[in-house]
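Keep in mind it's a predicted model, so treat the numbers as computed, not measured. In what follows, chains are A, B, ... by sequence order, proteins preceding strands, each numbered from 1.
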Amino acid sequence: MHNKIFPIAKTFALLKPFINTSKAPVVEFIALQDKDPFKILIATILSSRTNDTTTTKVIQRLFKVVKNISSLETVPHDELEKLIFPVGFYKQKAIQLKKLPLVLKNNFNGIIPDEIDQLIKLPGVGRKTANLVRWAAFGKPAICVDVHVHRICNRWGYVKTKDPEETEMLLREILPRQYWPFINHYLVSLGQTICKPRNPKCKTCPLIDICAKIKVNH
DNA sequence: AAAACGGGGGC
DNA sequence: GCCCCAGTTTT
């Protein structure tokens, strides 16, 4: 499966001074000031494939109108579309949000679940979103594998797959639980600035000496 | 003006 | 597996 050693502590130590903690992902930022699972769920769904700046603007306006599950039912569909418009994919996301209260009532007694397998059944929620909600809203252990985490793990050579779920499962094995909440934050920061999809800036990478791709070949 | 950019879902 | 969804930000 995986025959490389992940120098976990060293990796995180090298990355730490490099992380801009004041610029936490929008969902974590929300969770910091308001642990309402509803708001975190909505913010997380809206943030998929959308930048944090845009998501923040949208949810600040949205939460003045939509404060809880029941108000999500009553808000007119076209008004909801207008409110979330800037995040993109707004038609699809509006449908998903309107569908949310019913799915919640039918399957989970109107309560937002905290398990991955349950969260995934909600409209607009895949594995990445489910893990992020589980962590941000409930403080439960979760590994949030987005495109950055997935790309970097593949680039390191710990896993070779197109399926982010496989990457998540691998990290579950090799990553001590204490690191789970941080792996996404750290690797997203690295992935946005250095370890980019194309033309990674390996010369200025803090992990240059332990990058598995360079150090190990097989 | 064009390319880059964070997932999810239906088929 | 393949395709669609749609805006903002950066180059």
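With sequence neighbours excluded, no residue forms a salt bridge (Lys or Arg N to Asp or Glu O under 4.0 Å) with Lys98(A). Remark: Val65(A) engages Val75(A), Glu79(A), Leu83(A) in a side-chain contact (heavy atoms from CB on, under 4.5 Å) (not counting sequence neighbours). Under the salt bridge (Lys or Arg N to Asp or Glu O under 4.0 Å) criterion, Glu73(A) pairs with no residue at all, not counting sequence neighbours.
Taking NZ of Lys160(A) as the reference point, atom SG of Cys153(A) lies at 14.0 Å (rounded to 0.5 Å).
Phe29(A) belongs to no hydrophobic cluster with other residues, because no ILVMFWY side-chain heavy atom falls under 4.5 Å from its own, directly or through intermediates. Taking a 4.5 Å side-chain heavy-atom cut-off between Ile, Leu, Val, Met, Phe, Trp and Tyr, the cluster of Phe89(A) contains only that residue.
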Under the 3.5 Å Watson-Crick or G-U criterion, the dot-bracket string of DNA chain B, with | for inter-strand pairs: |||||.|||||
Considering only distance and modelled atom types, tabulate donor-acceptor pairs under 3.5 Å from the side chains of residues 185-204 of chain A, sequence neighbours left out.
residue: Ser189(A); atom: OG; partner: His185(A); partner atom: O; Å: 3.1
residue: Thr193(A); atom: OG1; partner: Ser189(A); partner atom: O; Å: 2.9
residue: Thr204(A); atom: OG1; partner: Lys201(A); partner atom: O; Å: 3.2

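Contacts of Thr129(A) with the nucleic acid, taken as non-hydrogen atoms under 4.0 Å apart, involve only primed sugar atoms and P, OP1 or OP2. Residue contacts shown for Lys93(A) are absent, as no nucleic acid heavy atom lies under 4.0 Å away.
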Steps toward ring-ring contact (aromatic ring centres under 6.0 Å, His included) verdict (Phe12(A), Phe182(A)): CA-CA 9 Å; Phe12(A) 276 78; Phe182(A) 304 106; 7.1 Å; no
Under the side-chain contact (heavy atoms from CB on, under 4.5 Å) criterion, do Val149(A) and Leu171(A) qualify, and how do the steps go? CA-CA 10 Å; Val149(A) 177; Leu171(A) 288 173; 3.8 Å; yes
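Side chain of Asn184(A) to main chain of Cys144(A): a donor-acceptor pair is present (N/O by atom type, distance under 3.5 Å, no hydrogens or angles). At least one donor-acceptor pair under 3.5 Å links the side chain of Thr50(A) to the backbone N or O of Ser48(A).
Taking every nucleotide of DNA chain B with any atom under 4.0 Å from a non-hydrogen atom of chain A, the first and last of them, 5' to 3', are dA4(B) to dG9(B).
Taking every heavy atom of both residues into account, Val87(A) and Thr55(A) meet most closely at CG1-CA, 4.4 Å. A pairwise comparison of heavy atoms in Pro206(A) and Leu14(A) identifies O-CD1, 3.7 Å as the closest pair.
For dG9(B) and dT8(C), the C1' atoms lie 23 Å apart once the distance is rounded to whole Å.
Checked for salt-bridge contact, Asp146(A) and Lys128(A) miss the test: no charged N lies under 4.0 Å from a carboxylate O.
Every pair tested for ring pair (Phe, Tyr, Trp, His ring centres under 6.0 Å) that includes a residue from residues 102-145 of chain A fails, sequence neighbours excluded, so the list is empty.
Glycosidic conformation at dG7(B) (O4'-C1'-N9-C4 for purines, O4'-C1'-N1-C2 for pyrimidines): anti, more than 90° from 0.
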Find every protein N or O atom lying less than 3.5 Å from an N or O atom of nucleotides 7-11 of chain C, and list the pairs.
residue: dT8(C); atom: O3'; partner: Thr54(A); partner atom: OG1; Å: 3.1

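Proximity of residues 118-125 of chain A to DNA chain B (heavy atom under 4.0 angstrom from any strand atom) is restricted to Leu122(A), Pro123(A), Gly124(A), Val125(A). Residues from residues 131-147 of chain A placing a heavy atom under 4.0 Å of any atom in DNA chain C do not occur.
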